[in-house]
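Have a look at the structure below before the remarks.
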Amino acid sequence: MHWADVIANNLIKKGNKHVLATGITPSGPIHVGNMREVITTDAIYKALIEKGAEPEFIYIADDYDHLRKLYPFLPDFFKKYIGIPICEIPCICGKHESYADHYLISFLDSLKKLGITPKVIRASEIYKNGNYNHSIQIALENVEKIKDIIENISKRKLPKNWIPFNVKCINCGKITETKPILYEFPNIEYKCNCGYEGSADIREGGSGKLPWRIDWPARWKMLGVTFEPFGKDLGTVGGARQTGEKIVKEIFNYSPPDYTVYEFILLKGKGAMHSSKGTALSSEEMLAMTPPEVLRFLIVKNQPNKHIVFDPGFGLLNLVDEYDQFERIFFGKEDIIKGMKDIEKIYELSQPYKIPNKIPFQIPYRHLVTIVQISKEWKDIKKILLRTKQIPENIGKFEEKNIKQRTKHVEYWLKFFAPNKLKFEIKNKLPNLKLLEKQKKIINALIDKLNSIEWDPNAIHKEIYAISEIENVSIKTTFTTLYQILLGQNEGPRAGYFISNLDRDFVMNRLKEAVK
RNA sequence: GGGCUUGUAGCUCAGCUAGGCAGAGCAAUCGGCUCUUAACCGAUUGGCCAGGGGUUCGAAUCCCCUCAAGCCCGCCA
């Protein structure tokens, strides 16, 4: 059984209605690793629906969290915003309402492409509109209990006058600099490092924020969360999940939600992703170089508790190939391979929206990698595909759009991630080169032959061999010569396929020019 | 120190939440006209499923122990 079904079944044992929660702080570019939380939850959400349950899927944007430090991608002057909630810091590009929105909007945009449509809740809103007030009051009534729980479980020593609430300074706007002096419902008198002294009324929304270890359990209760996955780092002993379980039971009187711990996605050769260390692949980048179903596929086919090593170089081609293979098997075009499990389910869960009712037209990614480098414009690419009969004349609009979209992804990949070994450029002028006599001889012979043969990969390939043999030139020399003339380099894509994709007249003229 | 995960072919990994013949891809070897790169085709080779114990008619799969590796343990996915 697929893991999403296993989890869904366990949830259904407890009831039919569920609230699945996810939460990612938009304090920087959201990377593919972060995406795992949302895609994992979406898979469970869809499995629940299929089984007739009534799940609700929510995403909480922690935009009331403060800026923790000056991340490497931020300009120096952002230093002054450290400690201020990210929804109250100006946007880094100036086009969004706030710092948080800058990252949040593009994240939500990615979600849409992935077919993930949770109810979005902004932490800043539920703080400001007072939804949290009751929880804040309860937390402040149980200071000692909460302190005990956190100190016992996390082995962390909290300061003497610690309270489970960070007051926001009304003067400097920071929530990290204030020290509480006296709490007497409903007011907290505080002193801020900026010099300001004042009083906050917790009945007023947005007067401050619960620290993470209390915020999380308070939220479970407030929103009725029954399932929420989290990363392995939070699952550790003494971590927020463990203190949260106890706090939610003993302070907020609510059962902790079910969960699954998900592992990190590692970048090949670089290890775990950290936006702050520059070793992250953002979800926008990923969605620019693959279709969304492939990103879903990557997450869905792996058990959440297994780490994924993702290779954005050659590995991406294999991933897309594998997806295409699953698709062929799903539609019965290819036999299932022994040992492959849950193929149908994985394919279904990989679809952002509807499952296609017939197999989409497939052109291998690797092949597109070659064609896209031959022609930049879609209409030219289409011409090649038609001429080489890789797509039928009567191709449907939807299918055409699909392939066109893939070429866009391939272009992006070539630009930013493809290994140099795979890149080439058709020179629009004959490269400056001096051919040896035997090279000229072979090209002349080719010109004669290529005129008359069928313009197809195998025929071209065979002709190249035949002529090399007749002229007694090493095959290597022939290939190298062709690449030099067409690409200005010594190596290139498989010659037969490659040349057949080029315009015949272009090739003939170029060859003639080369031996003039 | 604590926790989680992993260990299956030369390499990368499926198969473990259904206990029932050990599986793919790549590499290698051979063949397809002498085949250049990650868009070829067919065949062949290749495994004490980390090691030990237990449960079972039957274990890669479930349980226990040992060893090794990776990651996490202020915030972080």
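Scope of the values below: all heavy atoms of this structure, side chains included, with no hydrogens, waters or symmetry mates. So that the names make sense, note that chain A is the first sequence line, chain B the second, and so on, each numbered from 1.
- Within the nucleic acid shown, Asn305(A) comes within 4.0 Å of sugar-phosphate atoms alone, with no base atom in reach, counting heavy atoms only.
- Nucleotides rG46(B) and rA59(B) have their C1' atoms positioned 24 Å apart, rounded to a whole Å.
- Nearest to the side-chain atoms of Arg156(A) among the listed nucleotides rG74(B), rA38(B), rU36(B) stands rG74(B).
- As a whole-Å value, the separation of Gln325(A) CD from rG25(B) C1' is 9 Å.
- Dashed line: the shortest gap from a side-chain N or O of Arg68(A) to OP1 or OP2 of rG74(B) is not under 4.0 Å.
- Look at the P atom in both rA22(B) and rG47(B): the space between them is 14 Å, to the nearest Å.
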Full working for side chain to side chain donor-acceptor pair (under 3.5 Å) between Asp63(A) and Ser124(A): CA-CA 6 Å; Asp63(A) 63 344; Ser124(A) 61; 2.8 Å; yes
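- Arg213(A) comes within 4.0 angstrom of sugar-phosphate atoms only, judged by non-hydrogen atoms across all strands, and of no base.
- A side-chain contact (heavy atoms from CB on, under 4.5 Å) with Phe424(A) is found for exactly one of Leu487(A), Leu486(A), Val369(A), namely Leu487(A).
- rA14(B) atom P lies 7 Å from atom CG of Asn302(A), rounded to whole Å.
- When the P atom is used for both rG53(B) and rU17(B), the distance is 23 Å, rounded to whole Å.
- Distance Leu234(A) CG to rC71(B) P: 19 Å, rounded to the nearest Å.
- At whole-Å resolution of the value, CD1 in Ile346(A) and C1' in rA14(B) are 10 Å apart.
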Please write out each protein N/O paired with an N/O of nucleotides 39-42 of chain B under 3.5 Å, distance rounded to 0.1 Å.
residue: rA39(B); atom: N7; partner: His367(A); partner atom: ND1; Å: 3.4
residue: rA39(B); atom: N6; partner: His367(A); partner atom: ND1; Å: 2.9
residue: rA39(B); atom: N6; partner: Asn501(A); partner atom: ND2; Å: 3.3

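- Distance Glu322(A) CD to rC13(B) P: 12 Å, rounded to the nearest Å.
- Residue Tyr483(A) is in base contact, counting any heavy-atom pair closer than 4.0 Å across all strands shown.
- Using a 4.0 Å heavy-atom cutoff across all strands shown, Asp5(A) reaches no nucleic acid atom at all.
- What separates CG of Leu368(A) from C1' of rA38(B) is a distance of 14 Å, to the nearest Å.
- Across the P atoms, rU29(B) and rA38(B) are found 15 Å apart, a figure rounded to whole Å.
- Taking the side chain of Glu263(A) as heavy atoms from C-beta on, and the options rU36(B), rU5(B), rA77(B), the nearest nucleotide is rU5(B).
- For the pair Val6(A) and Ile265(A), both in contact range of RNA chain B, the more 5′-proximal nearest nucleotide belongs to Val6(A).
- At whole-Å resolution of the value, CG in Leu266(A) and P in rG70(B) are 12 Å apart.
- Nearest nucleotide to the side chain of Phe264(A), out of rG70(B), rC72(B), rC16(B): rC72(B).
- Atom CG of Asp65(A) is separated from atom CG of Leu67(A) by 10.5 Å, given to the nearest 0.5 angstrom.
- rG3(B) and rC41(B): their P atoms are spaced 49 Å apart (whole Å).
- The gap from the C1' atom of rC49(B) to that of rC13(B) amounts to 13 Å, rounded to the nearest Å.
- Each of Thr25(A) and Ala495(A) was matched to the nucleotide of RNA chain B holding its nearest heavy atom; the match closer to the 5' end belongs to Ala495(A).
- Separating the CD1 atom of Ile12(A) from the P atom of rU17(B) is a distance of 21 Å, rounded to the nearest angstrom.
- A salt bridge links Glu263(A) with Lys232(A): at least one charged nitrogen is closer than 4.0 Å to a carboxylate oxygen.
- Separation of the P atoms belonging to rU66(B) and rG74(B) is 27 Å when rounded to the nearest angstrom.
- For Phe107(A) and Tyr59(A), the gap between ring centers is short of 6.0 Å.
- Environment of NZ in Lys333(A): sparse, with no more than 12 heavy atoms of neighbouring residues, nucleotides or ligands closer than 6.0 Å.
- Within the 4.0 angstrom heavy-atom criterion, no nucleotide atom of any strand lies near Trp3(A).
- A salt bridge between Asp324(A) and Arg406(A) is present, with a side-chain N of the basic residue lying under 4.0 Å from a carboxylate O of the acidic one.
- The gap from the P atom of rG42(B) to that of rG20(B) amounts to 30 Å, rounded to the nearest Å.
- No N or O donor and acceptor, one from the side chain of His2(A) and one from the base of rU17(B), sit under 3.5 Å apart.
- Smallest separation of non-hydrogen atoms from Gly238(A) and Ser154(A): O-CB, 3.4 Å.
- Checked by distance alone, Lys232(A) brings no side-chain donor or acceptor within 3.5 Å of a matching partner on the base of rC72(B).
- Under the 4.0 Å criterion applied to side-chain N and carboxylate O atoms, Lys404(A) and Glu399(A) are not assigned as salt-bridge partners.
- Aromatic ring centroids of Phe230(A) and Tyr262(A) lie 6.0 Å or more apart.
- Consecutive pairing runs in RNA chain B reach the stem threshold at B:1-7 with B:67-73, B:10-13 with B:23-26, B:28-32 with B:40-44, B:50-54 with B:62-66, where a stem means at least three Watson-Crick or G-U wobble pairs with distances under 3.5 Å.
- Salt-bridge formation is not detected for the pair Asp148(A)/Lys246(A): no Lys NZ or Arg NE/NH1/NH2 atom is positioned less than 4.0 Å from an Asp or Glu carboxylate oxygen.
- Using a 4.0 Å cut-off between a side-chain N of Lys or Arg and a carboxylate O of Asp or Glu, Lys301(A) and Glu322(A) qualify as a salt bridge.
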